[in-house]
Amino acid sequence: MTESTDAFAALRWLIEAGADEAIDEEPRNRLETPAAAPRMAEVVQAAPVAAAPEARVPSEPRQTAPTKRPAAVPIELESLDAAHANARALAASCASLDDLKTAMARFDGCSLRHTAKNLVFADGNPAAPVMFVGEAPGADEDREGLPFVGVSGQLLDRMMASVGLDRTNTYITNIIAWRPPGNRKPTSAEVTTCLPFVERHIELVNPKVLVLVGGTATSALLQRAEGITRLRGRWLQWKEHVPTLALYHPAYLLRTPAQKRQAWQDLQALRKKLTELGV
Ligand code: URA
């Protein structure tokens with residue numbers, strides 16, 4: 001093989017693996033540990049509040065992290081905490097959806113914004129009684145700046161239409177407002193950082209019913225250990241006062257059409273609840 005066919009084969013392999021965006025000028029080995037960086041075990045042992053007492057081995061000498069930092073919290077965790085605290089303070093200061101959108105557009109604590117084309121804030125009617133919350137924008141949503149406009153969005157529209165809902169009587173957003181490169185799942189750090197924004201978003205819209213689309217949105221907002229298979233179709237509460245239903249994500253239903261039957265049952269439960277609430 002020539003060098004160029006090798007390069008094309010490597011590129012094709014990367015694209016098939018989902019790495020379809022160039023993020024830096026040069027490739028970086030993110031798995032490589034820099035020589036001077038403290039190992040996680042050392043850091044956790046040295047941090048005064050990091051580990052539960054029973055998690056320490058008493059006979060082991062306490063090690064100090066090889067840095068001058070007083071509380072050796074890993075830099076990544078420190079900046080994650082700072083980003084989350086910043087997002088929480090910013091979100092709390094927003095008195096309207098416009099404020100929230102502006103605050104999110106200025107927020108620099110989530111690196112996804114650097115690779116995304118657009119902030120994907122929301123679509124639909126903010127005065128609607130039903131609010132849908134999905135995972136994160138894909139390529140189509142990123143291009144248009146609107147949630148659920150790609151193939152899974154088209155299925156979501158059909159699911160909503162089956163129970164008399166559309167974008168005039170619902171409001172739609174995601175737990176993450178920027179597209180993760182290559183449509184990968186958002187990391188838990190990204191979800192944690194951005195959570196204050198979506199929580200404030202829900203508070204400001206104040207829906208009568210919340211619908212969580214897929215496992216990522218469900219576990220982020222309900223903080224439950226069970227997966228979507230166990231949580232879907234059951235009436236749960238967000239912040240102990242908003243009736244909340246989790247649905248299978250339409251992207252999952254496109255890959256696993258056999259589950260559509262259950263999804264349609266869950267939509268009937270949504271219709272019943274809305275009728276009970278006079279919506
Ligand atoms: N999937 C989501 O969860 N949200 C979107 O906006 C699009 C696809």
Side-chain angles (χ1 to χ4, degrees), residues 18 20-21 97 100-101 104-105 107 110 112-113 115-126 128 130-161 165-195 197-202 205 207 209-224 227-229 231-233 238 244-257 259-260 262-263 266-267 270:
D20 59 357
E21 306 265 341
L97 292 174
L100 185 66
K101 189 173 179 182
M104 288 171 71
F107 180 64
C110 177
L112 294 176
R113 63 167 292 154
T115 50
K117 290 189 177 67
N118 279 303
L119 166 80
V120 176
F121 185 69
D123 195 16
N125 179 355
V130 193
M131 179 167 182
F132 282 70
V133 183
E135 183 178 304
D140 296 308
E141 290 77 16
D142 185 34
R143 200 174 308 114
E144 293 192 31
L146 290 171
F148 283 106
V149 291
V151 186
S152 41
Q154 287 157 19
L155 178 56
L156 184 64
D157 283 340
R158 291 206 296 283
M159 291 163 69
M160 295 196 307
L165 299 174
D166 58 29
R167 294 184 191 222
T168 65
N169 56 14
T170 56
Y171 185 75
I172 306 180
T173 189
N174 284 306
I175 55 164
I176 299 279
W178 297 276
R179 180 195 180 206
N183 291 352
R184 65 161 169 75
K185 207 171 132 87
T187 63
S188 56
E190 288 156 358
V191 172
T192 304
T193 300
C194 295
L195 202 56
F197 291 123
V198 68
E199 290 186 330
R200 187 72 187 132
H201 209 151
I202 301 169
V205 172
V209 170
L210 185 63
V211 180
L212 303 179
V213 185
T216 310
T218 302
S219 55
L221 284 164
L222 297 181
Q223 306 276 314
R224 304 263 306 223
I228 184 70
T229 316
L231 293 177
R232 58 142 276 274
W238 180 74
T244 300
L245 184 70
L247 296 181
Y248 280 137
H249 196 286
Y252 169 71
L253 294 174
L254 287 168
R255 292 193 305 271
T256 324
Q259 304 287 20
K260 281 189 182 170
Q262 288 185 327
D266 300 344
L267 288 161
L270 173 61

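In listed order, ligands and their atoms are each counted from 1. Predicted, not measured: the structure shown is a model, and the values here were computed from it.
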Q. For ligand 1, which atoms, with element, lie under 4.0 Å from some heavy atom of Gly134?
A. 3 (O)
Q) Quick one: which of Thr218, Leu210, Thr244 gives a side-chain contact (heavy atoms from CB on, under 4.5 Å) with Val133? A) Leu210
Q.
I want to check something: taking the side chain as every heavy atom from C-beta on, are Glu135 and Lys185 in contact at a cut-off of under 4.5 Å?
A. yes
Q | Region of Glu141 that comes within reach of ligand 1 [heavy atoms, distance under 4.0 Å] | A | side chain
Q. Looking at residues at least two apart in the chain, or sitting in another chain, which of them share a salt bridge (Lys or Arg N to Asp or Glu O under 4.0 Å) with Arg167?
A. Asp123, Asp157
Q) What atoms of ligand 1 come closer than 4.0 angstrom to any heavy atom of Pro147? A) 6 (O)
Q: Answer side chain, backbone, both or neither: which part of Ser152 comes under 4.0 Å from ligand 1, heavy atoms only.
A: side chain
Q. Would you call the rings of His249 and Phe148 parallel, tilted or perpendicular, where under 30° means parallel and over 60° means perpendicular?
A. tilted
Q) Who pairs with Thr170 by side-chain contact (heavy atoms from CB on, under 4.5 Å), at least two apart in sequence or on another chain? A) Val130, Phe132, Met160, Leu165, Ile172
**Q.** side chain to side chain contact (heavy atoms under 4.5 Å, CB included) assessment of Arg255 paired with Tyr252
**A.** CA-CA 5 Å; Arg255 292 193 305 271; Tyr252 169 71; 3.9 Å; yes
Q: Record the part of Ala251 in heavy-atom contact with ligand 1 below 4.0 Å; permitted values are side chain, backbone, both and neither.
A: neither
Q | Heavy-atom side-chain proximity of Val120 to Ile176 below 4.5 angstrom | A | no
Q. With a 4.0 Å cut-off on heavy atoms, does Ala136 reach ligand 1?
A. yes
Q) Does ligand 1 have any atom sitting under 4.0 Å from a heavy atom of Asn174? A) yes
**Q.** Heavy-atom nearest neighbour of atom 1 (N) of ligand 1 within options Arg179, His249, Glu135
**A.** His249
Q. Does the N or O separation between Phe148 and ligand 1 drop below 3.5 Å for any pair?
A. yes
